[in-house]
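Working notes for the structure below.
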Amino acid sequence: MLALCLLLRNFAVLLFHPLRHIFTGILLVLCSSVLNAQDDNSGDTAITRKRSSPGSQSLRNLSMGNDSFVPWDSAFPFVHRYVPALASAMPFADLGVAGSPQRNLFFSAEQAAGLQSGFNPYPFQNKFAPDFIFYKAAVPFTRFSYAQGGNGRTAFNGTHTQNFSPTWNVTADFSSISNNKIYAGSLQEHMHKSTTAGSRFKTQNGRFSQYLVVSWNRARRNENGGLSDDSLFFRNDTGTLFGKKNPLKRVEGEYDPMLAAAKSFYASRYHLVEHQFQPVRGKNLWLVHRLDWNKDKYQLKDSRRDTAYYGSWSQYATGFVNDSFAWSFLKNEAGIGARAVAGSTELLLRGTWGYEWSRYSAEYLYESIIQRTQALHGSVIANAPSWQAHVQADYYLSGYAQGDYKLAANARYTAGKLKAHAGLVLQQYHMPLMVNRFWNNSFDISNAGFSPANLQQLQAGVATSGSHIRAEGTIIAGTTNHLPYNYGSLNYQQAANLNFAQARVSAMFRLGRWHMDYRLVWQTFNKSEIISAPAIFWYSSWYYQGRVFKGAMLARLGADVWYTTKYDPYVYRADAAAFYPVKSNSKAGNYPMLDVYVSGEVKTVQIFVKLEHINNNLTRYGFNNQYFSALHYPLEPFRLRIGLSWKFFY
């Protein structure tokens, strides 16, 4: 039966149709039922397996040969931070509602090595195969969380993991965020879903390992151009609480879809399979082969578009827009991995040769752009009782990225309760493919002559932990030249010699049952006129935690505050699913968001009730009275959220 399940599993991942997810799910349930029935077929003599929580490990570490699984964190989680962007506690811009396209406001000049599309409108929500987490589950384990609010807003996350044998783990993860007509009369609807599933298999003798991961992100939304003239969200200059405010002047050339007429669809698929084989029994040396395939696709349809912007030259019928573009990537790697032990120090090594291929195509074009490159990749991890170090090096030999390189080194040292860490990044990279060449019915980007960007970045920090305090501070400083940026349109330019510095501080205090959690981000640039990001982001949380109902429930009563200083707002172009900053008298930021919540935990169930944006009608002048995240898109007003998280065991 085990062999049959393995055969069907390999067949399932070869399916490149959405039905493969349904097929794989049914397969896992059937195999689980049959195998568990086989295990429990010993009648009354069967050993009762106790409830347990699984350990976890990332695919990246497993690929390096590090199969030490991290124990489950049993601390009471912050279940009221029910979406990834809130859980990250980092500054971002979106279209006012969770699940909409997002823009990370924490500046970074670092880029992943190799061919990159540069297209990711959902940086906090998307799930990608290389980041997959596998588990070591003694018994089948299922966890889900659900949150709901007004106007059809729901958020769901579910994970199931199961070891069909001591050396075979299968894990599936699914999340969904949906908004239905969040604002009265806006007709704005949005849905974002992510699905990932993976299989980690190792033979009993340990000589062969296989990792299979499939992931699929997709989103559908009705574009409505924002609600800048809605008096429910904005006051006039006299400070009247519900006074009428004149509409903001729209930026010239900005895409302004019609209400309920423009619809978009986004999809990102990422699948990978990796094999490791130990040719000589007992030797810590193995052969590695890995194949990655992913595709990013975006489509926009608007049947009632104003023809004054597009003109009569449009390839489609006047007044009708149907854009679609896609990047496809294929990456093939082969090499060796090794493990060595010297005293109390463990070394993990991996070296591969890689070939990367990319194709970009747009719906109205008759040909595609093909990019290729070859590269060498190397990675070393050193683990010792008091220190750890990781070095990753990539060098590109030919093709589009010829001459690109990336060297990233990180080290960590532990002395009692004190931990110190430092890092270095040296990188040169060609422009992301979206910056280099991008076609659309409304604009044409062609920057093939851009110079590669160079980055030198240092990072250092310290952390400490005790019974009453946990604190960490990190400083990042760097310089880059020829960094691509856009301002006022999607036609990119290059900024040379940009210097930047950032500081991040986080601290958690406990005084009896009172807890305080603070996070502060500060960032500065020598060319602030081209970088749109808040100089300061501040997050703080205060809560009282203790047991109630005769100790049956662990309860928490708390409040969260989010604040960023002013920055130039971002405009969202629906036809490219991209944000770009604009100079505007209406600044974003300088507005606090206050949430209060009650949460509780009873055995394996956590619940919460949350009041979000309770300062909706309380904020006075001195703060920004136009509280939007992206230009024309206001933040959600006061609302009530409820939700729960539940862990199931076999």
Side-chain angles (χ1 to χ4, degrees), residues 81 85-96 102-109 123-124 226 228 233-235 237 239 245 248 251 461 472-478 483 485-488 495 498-507 516-542 559-572 579-595 612-616 618-637:
R81 302 175 194 166
L86 294 178
S88 70
M90 294 298 289
F92 65 93
D94 61 8
L95 302 186
Q102 305 158 329
R103 169 85 183 210
N104 191 351
L105 298 179
F106 185 73
F107 174 79
S108 176
F124 291 98
S228 61
F233 306 103
F234 298 104
R235 313 171 194 173
D237 294 337
K245 183 188 180 299
L248 297 174
V251 180
E472 181 174 0
T474 301
I475 297 176
I476 304 173
L483 183 75
Y485 73 96
N486 54 9
Y487 228 116
L498 172 68
N499 302 321
F500 61 94
Q502 298 166 338
R504 290 179 286 176
V505 179
S506 62
M516 292 154 282
D517 183 1
Y518 297 96
R519 300 186 187 184
L520 179 68
V521 174
W522 168 83
Q523 48 190 359
T524 184
F525 321 93
N526 69 322
K527 294 186 177 181
S528 58
E529 69 277 5
I530 65 171
I531 300 296
S532 180
I536 295 176
F537 168 74
W538 175 56
Y539 161 77
S540 63
S541 177
W542 303 277
D560 293 343
V561 178
W562 316 77
Y563 173 78
T564 63
T565 53
K566 286 185 178 181
Y567 60 94
D568 287 316
Y570 282 87
V571 163
Y572 178 69
F579 291 88
Y580 65 87
V582 295
K583 293 294 184 182
S584 172
N585 293 328
S586 300
K587 301 294 184 181
N590 193 32
Y591 184 84
M593 290 282 290
L594 175 60
D595 305 334
E612 298 179 346
H613 200 176
I614 66 171
N615 58 310
N616 181 82
L618 300 177
T619 305
R620 301 301 180 190
Y621 277 87
F623 290 108
N624 193 350
N625 66 307
Q626 301 167 358
Y627 48 93
F628 50 76
S629 182
L631 199 59
H632 314 307
Y633 289 91
L635 301 171
E636 285 187 83

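Keep in mind that the numbers below use all heavy atoms, side chains included, and drop hydrogens, waters and symmetry copies.
Checked options F107, F525, W522; the residue passing with F500 is F107 (criterion: ring pair (Phe, Tyr, Trp, His ring centres under 6.0 Å)).
Among all heavy-atom pairs drawn from F537 and A89, the shortest one is CE2-O, 3.2 Å. Nearest heavy atom pair, residue A559 against residue L594, reads CB-CD1, 4.3 Å. Shown here for A630 and F579, the closest heavy-atom pair between the two residues is CB-CE2, 4.0 Å. Nearest heavy atoms, F124 versus S88: CE2-OG, 3.4 Å.
In this structure, the side chain of N104 does not engage the main chain of P123 through any donor-acceptor pair within 3.5 Å. No donor-acceptor pair under 3.5 Å is formed between the side chain of D517 and the backbone N or O of S541. Judged by distance alone, the side chain of D595 and the main-chain N or O of H613 form a donor-acceptor pair under 3.5 Å. Looking at N526, its side chain does come within 3.5 Å of a backbone N or O of N499 through a donor-acceptor pair. With hydrogens and angles disregarded, no donor-acceptor distance shorter than 3.5 Å links the side chain of Q523 to the backbone of A533.
Between R103 and Y572 the shortest side-chain heavy-atom distance does not fall below 4.5 Å. Proximity of L105 to Y567: side-chain heavy atoms (C-beta onward) are separated by under 4.5 Å at one or more points. Between M593 and Y591 the shortest side-chain heavy-atom distance falls below 4.5 Å. A heavy-atom distance below 4.5 Å is found between the side chains of I531 and L498.
Going from atom CG of L86 over to atom CG of D560 covers 8.5 Å, rounded to the nearest 0.5 Å.
Between N590 and Y563, the side chains place a donor N or O and an acceptor N or O closer than 3.5 Å (distance only, hydrogens not considered).
For W542, the side-chain hydrogen bond (donor to acceptor under 3.5 Å, both in side chains) partners two or more places apart in sequence, or in a different chain, are Y518. Not a single ring-ring contact (aromatic ring centres under 6.0 Å, His included) links Y570 to another residue, sequence neighbours left out.
Y539 and W562 have tilted rings, their planes meeting at an angle from 30° to 60° on a 0 to 90° scale.
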Evaluation steps, side-chain contact (heavy atoms from CB on, under 4.5 Å), between K587 and D568: CA-CA 5 Å; K587 301 294 184 181; D568 287 316; 2.4 Å; yes
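Atom CG of L520 is surrounded by more than 12 heavy atoms from other residues, nucleotides or ligands within 6.0 Å.
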